[in-house]
Amino acid sequence: MAKKKFKAESQRLLDLMIHSIYTHQEIFLREILSNASDAIDKLAYTALTDDKVGVNRSDFKITITRAKDAGILTVSDNGIGMTKEEMEENLGTICKSGSLGFKEQMEQSDDIDIIGQFGVGFYAAFMVAKQVTVISKKYGEDTAWKWVSDGTDGYTIEEAQRDYAGTDVIMELKADTEDETYSRFLEEYEIRQLVKKYSDYIRYPIRMEVSKSRKKEDSPEDKPEYESYMEEDTLNSMIPLWHRAKKDVTEEEYTQFYREKFFDYTKPLRTVHTSAEGTVSYKALLYIPEKAPFNFYSKDFKRGLQLYSSGVMIMESCEDLLPEYFGFVRGVVDSQDLSLNISREMLQHNRQLTVIAKNIEKKIKAELKNMLESDEEAYGKFFAQFGRQLKYGAVMEYGAHKDAVQDLLLFYSHKEGKPITLKAYADAMEETQEKIYFICGESTDRLAKMPQVKLLADKGYDVLMFTDEVDEFVAQTLMSYKDKPFCNAATEDLGLQSEEDKKELEEKAEQMKGLLTFVQETLGEDVQEVRLSASLGDAPVMVTPGTGMSFEMEKYMRRANPDIPFPSQRILELNPNHPAVQAMEKAMVGDTQKAKDYAKLLHGQALLMADLPLADPVAYADLVCKLMK
Ligand code: ADP
């Protein structure tokens with residue numbers, strides 16, 4: 001039979017795995033058992049809605065068989081099984097789920113030890129076996145299939161016999177060497193240990209023939225003789241992790257469970273293990289991940305917690321248990337108050353579920369607050385990954401959830417040079433300061449150079465720098481924090497001028513009316529208004545959108561839909577004290593053409609500073625050259 005080749009990526013990883021590590025080989029058993037358990041989960045889940053499955057919950061089991069003389073270890077399950085196509089797809093490719101994270105990490109690091117840190121899946125079998133045979137029959141199919149590979153370059157697949165649905169993974173162990181005794185994986189003691197260590201909480205019995213001893217029937221009571229015999233025994237306690245008391249679970253166990261269950265190779269930032277008794281009883285094990293999955297901010301990401309009813313999974317990811325803004329949380333919830341056969345539609349209106357969801361939301365919020373207060377660095381990490389989700393939470397549904405999330409948000413502070421909370425901003429406000437200033441743009445470096453920021457900094461006022469598209473929407477939705485209104489420093493009145501200053505500016509505008517009209521006429525449709533401003537510091541000009549949509553918002557909208565025909569209002573503001581503006585005024589008297597050129601130049605500059613496109617960059621460049629001649 002012709003051998004089919006592994007995909008190239010698989011081949012590379014396989015080589016790495018087989019040849020480079022010894023210390024963590026034992027994890028192969030955990031991987032195989034975990035697959036068996038998942039496969040049973042799937043069939044058990046099918047059985048909830050399909051009477052034809054014909055297997056009782058109590059019939060589900062995983063069996064370990066040892067053929068010591070032949071050096072063969074077999075793990076069998078009566079789970080969902082695989083079709084021929086599924087075998088080829090699942091066992092012939094390595095760039096999947098858990099393995100993917102492994103591959104990424106592998107490419108960045110020479111540290112081989114990481115293999116033991118997370119699941120590498122089925123392929124781990126090749127760390128200990130020279131040949132692996134998988135015989136599987138998919139539930140509902142008539143034919144079973146046999147897949148065989150030595151893990152080096154490919155596999156064969158052919159029809160086979162199997163009575164009922166399920167899978168056997170048959171591992172022909174490698175010969176012992178000086179460095180490694182593979183045969184130990186056939187010893188009862190070793191297997192018991194490994195199951196206890198890694199797979200104790202698997203909820204189906206892991207059965208194995210073990211040796212026991214008993215009194216020989218015919219031996220006398222006063223002089224008993226013993227004989228040993230073999231009997232099948234269950235090796236695992238089957239108590240799910242979340243059912244165990246917190247004090248009895250080690251951090252390592254929590255982490256391992258997380259990695260296996262949620263296919264993440266990183267360590268979770270926080271783990272919350274909680275339970276409630278009373279009108280509604282439940283246990284929950286929640287994790288705040290360190291890293292956002294690659295598809296987190298896309299439609300493909302499925303948020304939700306795994307839902308169990310007394311230890312039996314009834315839903316893979318239950319959305320209703322998590323508010324959208326905490327969608328990054330992974331975990332399981334188990335409640336005895338939910339019926340096994342509850343339908344999705346029913347769940348949505350289930351009162352118990354609503355209560356549980358409320359409690360869970362509170363727990364997550366408390367945990368995040370705790371992290372924020374006790375471990376700034378960890379929170380910073382968390383926020384860099386999931387902050388945007390929380391910000392969406394603040395603006396969603398017209399701000400209905402803003403109270404829940406506003407204190408969890410961080411924004412970059414100009415003064416502190418790092419992200420801070422709104423509370424920290426408010427607490428540090430100068431007594432004279434009336435508003436929470438923010439400014440929007442692409443980078444904090446650039447924003448720091450804006451005249452308004454300098455002006456405010458001179459007064460000792462901090463400015464929050466919004467570099468995320470959603471930030472400005474957050475400010476618009478919150479409107480104020482602790483009664484202090486948000487103020488867009490680039491577009492709104494900074495409120496720094498006294499009545500006298502204002503009057504002075506008005507008088508000046510009156511005096512310079514000729515210039516303002518001239519500039520307005522020169523620029524025509526490009527600006528709606530030309531006026532003087534006192535918030536320019538040492539810059540000559542700027543454009544602002546007036547009361548219209550801010551430029552950042554405009555850019556955002558335009559990216560979302562390039563055809564939108566609405567440019568914001570553009571107002572050109574002049575600094576009456578700036579020599580360039582004064583030079584323009586002077587030119588107006590003797591050399592109108594020059595004054596016109598100046599007006600266009602200044603307008604171009606203002607657009608560039610605001611990071612807005614020039615309508616005609618070539619004309620602008622020509623003007624600059626003309627000036628140099
Ligand atoms: P992972 O478990 O991380 O998805 P694996 O490499 O361990 O990756 O397994 C790949 C896939 O092969 C599984 O997702 C599952 O679909 C299938 N599989 C593995 N073992 C079994 C089994 N015992 N029964 C049914 N399907 C299995």
Side-chain angles (χ1 to χ4, degrees), residues 6-7 9-11 13-14 16-18 27-47 53 55 60-65 73-106 115-129 132-141 143-149 151 155 157 160 162 164-171 198-199 202-204 206-207 256-266 293 306 316 330:
F6 286 126
K7 299 193 179 158
E9 294 281 14
S10 312
Q11 188 61 53
L13 185 51
L14 256 177
L16 260 171
M17 211 151 73
I18 295 168
I27 57 131
F28 83 94
L29 190 62
R30 161 188 101 186
E31 301 295 316
I32 300 299
L33 289 172
S34 148
N35 281 348
S37 163
D38 288 349
I40 297 178
D41 267 345
K42 283 179 196 154
L43 188 57
Y45 186 69
T46 311
V53 172
V55 197
F60 286 125
K61 64 172 178 172
I62 300 167
T63 312
I64 299 180
T65 325
L73 182 69
T74 302
V75 175
S76 305
D77 66 68
N78 50 359
I80 191 105
M82 282 175 276
T83 61
K84 181 183 181 206
E85 289 71 31
E86 283 169 339
M87 274 175 133
E88 297 211 55
E89 171 68 12
N90 297 333
L91 311 180
T93 323
I94 205 153
C95 321
K96 302 194 66 172
S97 54
S99 325
L100 186 66
F102 172 74
K103 210 184 108 240
E104 282 169 357
Q105 186 111 344
M106 213 61 195
I115 246 183
Q117 291 177 13
F118 54 88
V120 288
F122 166 77
Y123 275 67
F126 289 108
M127 296 195 295
V128 299
V132 180
T133 303
V134 181
I135 298 175
S136 191
K137 186 170 178 182
K138 174 89 172 189
Y139 165 72
E141 303 258 324
T143 324
W145 292 91
K146 178 163 112 176
W147 179 100
V148 185
S149 173
Y155 58 91
I157 195 158
R162 204 179 190 283
Y164 49 89
T167 303
D168 308 310
V169 178
I170 303 160
M171 293 163 277
Y198 294 117
S199 313
I202 284 190
R203 292 182 319 279
Y204 307 101
I206 300 171
R207 309 274 293 169
Q256 191 207 323
F257 177 80
Y258 168 77
R259 285 177 171 152
E260 258 177 37
K261 189 109 201 155
F262 302 109
F263 303 118
D264 187 1
Y265 59 93
T266 56
Q306 263 190 10
E316 182 74 44
R330 331 270 6 218

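Counting starts at 1 for both ligands and their atoms, in listed order. Residue numbers start at 1 and run along the sequence shown.
- The side-chain hydrogen bond (donor to acceptor under 3.5 Å, both in side chains) test with S76 is passed by exactly one of T63, D168, T167: D168.
- No option in D77, N78, D41 other than D41 meets the side-chain hydrogen bond (donor to acceptor under 3.5 Å, both in side chains) test with Y204.
- With no hydrogens or angles considered, no side-chain donor-acceptor pair links Y123 and E31 at under 3.5 Å.
- Considering both main-chain and side-chain atoms, F122 comes within under 3.5 Å of ligand 1 through a nitrogen or oxygen pair.
- S136 places a side-chain N or O within donor-acceptor distance of the main-chain N or O of M82, the cut-off being under 3.5 Å.
- Contact analysis puts M82 in contact with ligand 1, with a non-hydrogen atom separation below 4.0 angstrom.
- When heavy-atom distances to ligand 1 are checked against a 4.0 Å cut-off, I32 has no atom that comes that close, whether in backbone or side chain.
- Residue contacts with ligand 1: T167 is placed with a nitrogen or oxygen under 3.5 Å of a nitrogen or oxygen of the ligand (distance criterion only).
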Report task. List the steps and the verdict of side-chain contact (heavy atoms from CB on, under 4.5 Å) for L29 and S199. Result -> CA-CA 9 Å; L29 190 62; S199 313; 6.0 Å; no
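- When the options I40, N35, N90, L33 are ranked by their closest heavy atom to atom 17 (C) of ligand 1, first place goes to N90.
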